Amino acid sequence: MNDITITFPDKSTRSFPAGINSLQIAESIGPRLAEAAVAVKIDDRFTDLTVPIDHDAKVEIVTGDSKEGHDVLLHSTAHLMAQAVKSLFPDAKVTIGPAIENRFYYDFDIDSTFSDVDLGKIEAKMQALAKSDYSISRLELKRNEALKTFKEMGEEYKVEIIEAIDESETISVYRQDDFLDLCRGPHVPSTGKIKYFKLLGTSGAYWRGDENNTMLQRIYGTVFSSKKGLKEYLHNLEEAKKRDHRKLGKELNLFFFHQLSPASPFFTDWGTIVYNGLVDFIRELYQKYDYKEVISPQIFDMELWKQSGHYEMFIDNMFSMKMGEREFGLKPMNCPGHTLIYSHELHSYRDLPIRMADFGRLHRFEKAGVISGLTRVRSMSQDDAHIFCMPEQIGEEITILFEMIREVFKAFNFNEITVALSTKPEKALGDAKLWDLAESTLNELLEKSDFNFTIDEGEGAFYGPKIDFNVKDALKRDHQLATVQLDFVLPERFKLKYIAQDGSDKRPVMIHRAILGSLERFFGVYLEHCGGDFPLWLAPRQIAVLPVSDKVIDYASHVTDELSSSGFRVELDGKADKIGAKIRQAELSKINIMLIVGEKEAEAGTVSVRKRHQGDLGSIPLNDLIHSLQKEINKRSS
RNA sequence: GCCUACGUAGCUCAGUCGGUAGAGCACUUCCUUGGUAAGGAAGAGGCCACCGGUUCAAGUCCGGUCGUAGGCUCCA
């Protein structure tokens, strides 16, 4: 047989006998590579390691630690799990089992449900199957063969999937031991490649995500190419649990929930300090960026929601009430109310843009199954604003918003921002020319900005394109916070107008925008981001004065009063505990500054400073401390 | 709304086979007066989410309701 020339990613070449497969090539390079290999790209075509190569080709071995390789591993592990489930629960019917971010799942149609005990059994079976190291082989079938095969197996969901596959496509199935699954691949060459995995949980899931379909049983799991990778992932899950804002909220006594007002947070006095701190911060920026804050009603006649179109779309998610003959709706958003404020006066083009801000409380009747902590609530407020402007002002307004958003995120130490531009959906209202203008303006501005952005084609709202801003938190999780949405429809529906230079009536554009988004949600996200360690300016408990003994209680009281009248949130720990216990208590409560005062300090008029997580910083005169802390607060340093 | 799990003191949790409710922390009082992450003792604290059923007897078993969690679906 002839030799073929293989070119590697580093441009080096080697010759091999024709018909060799990539796994063998990997072995010839080194046992480590062969061990790590999960799939291959032959001439940029992503495929199985076991595919024979019979011509000169570019070969890139894909290992389990790359993103693509990890996905292969995840996907193969999903198959392994399906194999285990089929052997333990022969009545279960397989459906689909894809890889998702760092995890995989597989949905089964089964009469019973999976318990934790079942999960353990399935995982043990997977271990055994992996240990047996069955080779995983790809077969290509004709459409009718594939249909016949899966029909005979009674796998009706697979039959349905095959029926949906385009006639022209080849249909591939993968076999490992006696388990056969419809799949595009690629897959690892044998089950022994799958080593470091764990099943994470179960849930219900609708077939094809449609709530009218059968409820399937889903099992989630994860796999990594190394033990370390798996350990790290599980560790991160633990970390995330420790930082969970619901847990921190309880521990630090910031907010709570009561079953008599589900999904509606109660902020304690401490939580309210943080909440108001967020609002105050944004308010200061409203001064700088020329916003006018308004207060608008909580309850409107349903007529308003009918006119705005929300009634039709979202009435199921609105709190409504009938008072006598009249039906009212509790506002789920501010914008229709703001159009009433806008229309209250006649506007000249000279007045525009009008930037109308509102921290009004909003109520949305979120479905019982979706509510969660502070992230999905029924009662909330937003750092909401609507900008009424001329179409030709859109660019300028967006530019200013970019700057403002950057400033806000920086203040909260969100340093990684990604942006998504969502464009015109199929069902859209509004002038096509306006859409074009807006989309090209937004695109151009994003090109010019240094934001990393992607375009979500057709994902815009029906009333206009939008830009969503995502931040990465301390645990590298993405959160969508700010949103900027152009609206061509609401001005139309409420017949908004301004008098143009030529004296004619013109229609303004509305820009809906929020930077923190829902304050409740932001509270939760930020609480997890900082792990409860609030910066001094935001901290509900800034300073604790800790007397060493009650001999110095008078001096401690004096220090506390001084700080309090200087505007600090300070508390005195006058309990009969030892200093160590007081410090421990203050550290656990995440109080920023601990001031230890004993006889030495009382004599010298100083305080001994200890900062959270930093330990003893030595003693300084009280006045010096006050000045440096005031500076820190004014800078809003994080 | 759907699937699954859970709901016991302010918090974290134990409670065996159905037989009058338990711990640690926090709280109150007392002793201790101390120097950078837990000094000691005592006390108080409970409609075991709620409603119904089975039973001589229910925190425990069964049904329902409410709430919470992880998902599914939804998200102006």
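This structure is a prediction, so every number in the text was calculated from the model and none was measured. In what follows, chains are A, B, ... by sequence order, proteins preceding strands, each numbered from 1.
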Distance below 4.0 Å between A:K582 side-chain N/O and B:rA37 OP1 or OP2: no
Length of the CH2-C1' vector between A:W207 and B:rG71, whole Å: 18 Å
Between C1' of B:rC27 and CD of A:Q585, the distance in whole Å: 12 Å
Contact under 4.0 Å: A:S372 side-chain N or O vs B:rG70 OP1/OP2: yes
Closest listed nucleotide, where the reference is the side chain of A:V548 and the choices are B:rU73, B:rU68, B:rG35: B:rG35
Which nucleotide in B:rG34, B:rA76, B:rC74 has an atom nearest any side-chain atom of A:M333: B:rA76
Atom CD of A:Q614: over 12 foreign heavy atoms under 6.0 Å: yes
Side-chain heavy-atom pair A:E459, A:P425 within 4.5 angstrom cut-off: no
Between P of B:rU36 and CD1 of A:I543, the distance in whole Å: 22 Å
Pairwise 5' ranking along RNA chain B for A:S203 and A:Q485, keeping only the more 5' one: A:S203
Inter-nucleotide P distance (B:rG46, B:rG10), Å rounded: 7 Å
A:N470 and A:H479: side chain donor to acceptor below 3.5 Å: no
Pair of N/O donor and acceptor under 3.5 Å linking B:rA37 base with A:R610 side chain: yes
Interface residues of residues 247-259 of chain A with RNA chain B (non-hydrogen, below 4.0 angstrom): A:K250, A:Q259
Length of the line joining A:F114:CZ and B:rG70:C1', which is rounded to integer Å: 16 Å
Upstream residue (5' side of RNA chain B) when A:Y206 and A:G209 are each assigned their closest nucleotide: A:Y206
B:rU28 versus B:rU68 - spacing of their C1' atoms, nearest Å: 32 Å
Ionic contact status for A:R612 with A:E587, cut-off 4.0 Å: no
Side-chain donor/acceptor of A:R541 to backbone N/O of A:S589, under 3.5 Å: no
OG-CG distance between A:S608 and A:D616, expressed to the nearest 0.5 angstrom: 4.5 Å
Exercise: do A:Y157 and A:D109 side chains pair donor with acceptor under 3.5 Å: yes
Contact list for RNA chain B against residues 213-222 of chain A - heavy-atom distance below 4.0 Å: A:M215, A:Q217, A:R218, A:Y220
A:R376 (side chain) and B:rC75 (base): donor-acceptor pair under 3.5 Å: yes
Between B:rC75 (C1') and A:R378 (CZ): distance, integer Å: 13 Å
Donor + acceptor pair across side chains of A:H386, A:N334 (<3.5 Å): no
Heavy-atom protein contacts under 4.0 Å, nucleotides 38-46 of chain B, coded B base, S sugar-phosphate only, - none: BS-------
Separation between the C1' atoms of B:rG53 and B:rU16, rounded to whole Å: 25 Å
Length of the line joining A:N212:CG and B:rC74:P, which is rounded to integer Å: 11 Å
Closest to side chain of A:I596, choosing from B:rC72, B:rA26, B:rG35: B:rG35
Whole-angstrom distance between B:rG22 and B:rC30, as gauged at atom P: 28 Å
Between A:F256 and A:F267, ring centroids under 6.0 Å: no
Out of B:rC74, B:rG35, B:rU36, whichever nucleotide has its closest atom nearest the side chain of A:E599: B:rG35
Quiz item: cation-pi between A:R364 and A:F319, 6.0 Å / 45°: no
Interatomic distance where NE2 belongs to A:H363 and C1' belongs to B:rC75 [whole Å]: 17 Å
Cation-pi check, A:K306 onto A:Y311 ring (under 6.0 Å, within 45° of axis): yes
Straight-line distance of A:L374 CG to A:R246 CZ, nearest 0.5 Å: 9.5 Å
Of A:F224, A:F197, A:F104, the residue whose pairing with A:H70 passes ring pair (Phe, Tyr, Trp, His ring centres under 6.0 Å): A:F224
Separation between the P atoms of B:rU60 and B:rG19, rounded to whole Å: 11 Å
Mutual orientation of the aromatic rings belonging to A:Y463 and A:H512 [parallel < 30°, tilted 30-60°, perpendicular > 60°]: tilted
Nearest listed nucleotide, side chain of A:Y463, among B:rU73, B:rG71, B:rA76: B:rA76
Nearest-Å distance once atom C1' is located in both B:rA21 and B:rG59: 8 Å
Base of B:rG1 paired with side chain of A:E366 (donor-acceptor, under 3.5 Å): no
Interatomic distance, A:E601 CD vs B:rU36 P [rounded to whole Å]: 12 Å
B:rC66 to B:rU29 separation - C1' atoms, rounded to the nearest Å: 40 Å
N/O (side chain, A:R364) to phosphate O (OP1/OP2, B:rC75) under 4.0 Å: no
Any-strand Watson-Crick or G-U partner of B:rG45, both distances under 3.5 Å: none
